[in-house]
Amino acid sequence: MKIATWNVNSVRQRQHLILDWLERQQPDVLMMQEIKCETDQFPADAFKEAGYDCAIVGQKSYNGVATLVKGGFEVTSDHLPGFDHPVARYVEIRTQKLTLGNLYLPNGNSGGEEGYATKLAFFDALTARAQQFLQTDTDFILAGDYNVCPTPEDCAPGALGPDDALVRPQSRAAYRRMLWLGLTDALRALHPSGTAYTFWDYQAGAWPRDSGLRIDHALLSPRVAERLETAWPDKAERALERPSDHVPLVVTLRDDAQATA
DNA sequence: ATGCCTTAATGTTTAAGA
């Protein structure tokens, strides 16, 4: 099973790049963030033609998430339970015996301390959601744009100041708290060290200088982690014409031994 | 100079992104 997450920075601007990528990679699931459109503006027909059905939670101008799925699925939530802000930053589906949460965590650099508090509040609710799944023995993946560089190795030297919301100690602690629940960072489980950036700023020649960040992550519940086969950021996508500033993070899982036994 | 791009919309500028 092949699952990807990608902050596309406007699905309408990126539609053809996304369709080309789907054609090449053929994932079973693609979780997209920052679709930047209302639900009824989402180009669902084009993705349908490519073989994908969509779970869409859009809003005007900003944010917005959508999950593309091959095969049957059901939407289990169109918002993050416990996060009481009317923003389109979470959609959750169930397919192939997995619950897949697609998240766009607040950046936390705008809106002063209140804006930063919103980021931590989202983390709290996401942690509670994960605990709920663990308690109910639900296999799950929580993937998306976490807007956190978990360790210094995940932030190119000089790319961000020490007070940036992506690297503040509380942000990193909030991310670690999810790992401490027993979740697995798919990329780091297979590639424990080294750079594995998923984002390069449009500004200041960040891409040619390889001044990137690892901020897009896939966290796996214990039984799903047992099936982890590969995890890689599709860096080549950043070099194409008019790309998103993020690249897809791709995770593949071996077949469920329980299902095939 | 929290700028250097890029996006959407409030649109001949602004806010947000990270």
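Each chain gets a letter, A, B and so on, in the order its sequence line appears, and its residues count up from 1. Since the model is a prediction, treat every value here as computed from it, not as a measurement.
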[N] OP1/OP2 closer than 4.0 Å to side-chain N/O of [X]:
X	N	value
A/N7	B/dA18	yes
A/Q203	B/dG17	no
A/S10	B/dA8	yes
A/R89	B/dG17	yes
A/R14	B/dT7	yes
A/S61	B/dA9	yes
A/Y116	B/dA18	no
A/R242	B/dT7	yes

Integer-rounded Å distance: [N] [atom2] and [X] [atom1]:
X	N	atom1	atom2	value
A/E241	B/dT6	CD	P	10 Å
A/N9	B/dT6	CG	P	10 Å
A/Q33	B/dG17	CD	P	14 Å
A/Y202	B/dA15	OH	C1'	16 Å
A/F199	B/dC5	CZ	P	14 Å

For this session: Under 4.0 Å between any heavy atoms, over every strand shown, what does A/N107 touch: base, sugar-phosphate, or nothing? Just pick one.
Result: base
For this session: For A/L160, answer base if it contacts any base atom (sugar-phosphate contacts may also be present), sugar-phosphate if it contacts only those atoms, and nothing otherwise; contact means non-hydrogen atoms under 4.0 Å.
Result: nothing
For this session: Validate the cation-pi geometry between A/R177 and A/F123: distance from NZ or CZ to the six-membered ring centre under 6.0 Å, angle to the ring axis within 45°.
Result: no
Exercise. Is A/Y62 side chain donor-acceptor paired with the B/dT10 base, going by distance under 3.5 Å alone?
Worked result: yes
Exercise. Rounded to the nearest 0.5 Å, what separation is found between the OG1 atom of A/T184 and the CD1 atom of A/I141?
Worked result: 11.0 Å
Exercise. Hey, what do you get for OG1 (A/T5) to CG (A/D145), rounding to the nearest 0.5 Å?
Worked result: 7.5 Å
For this session: Could you measure between the two P atoms, the one in B/dT12 and the one in B/dT2, and give it in whole Å?
Result: 25 Å
Exercise. Does A/R89 reach the side chain of A/L105, with side-chain heavy atoms less than 4.5 Å apart?
Worked result: no
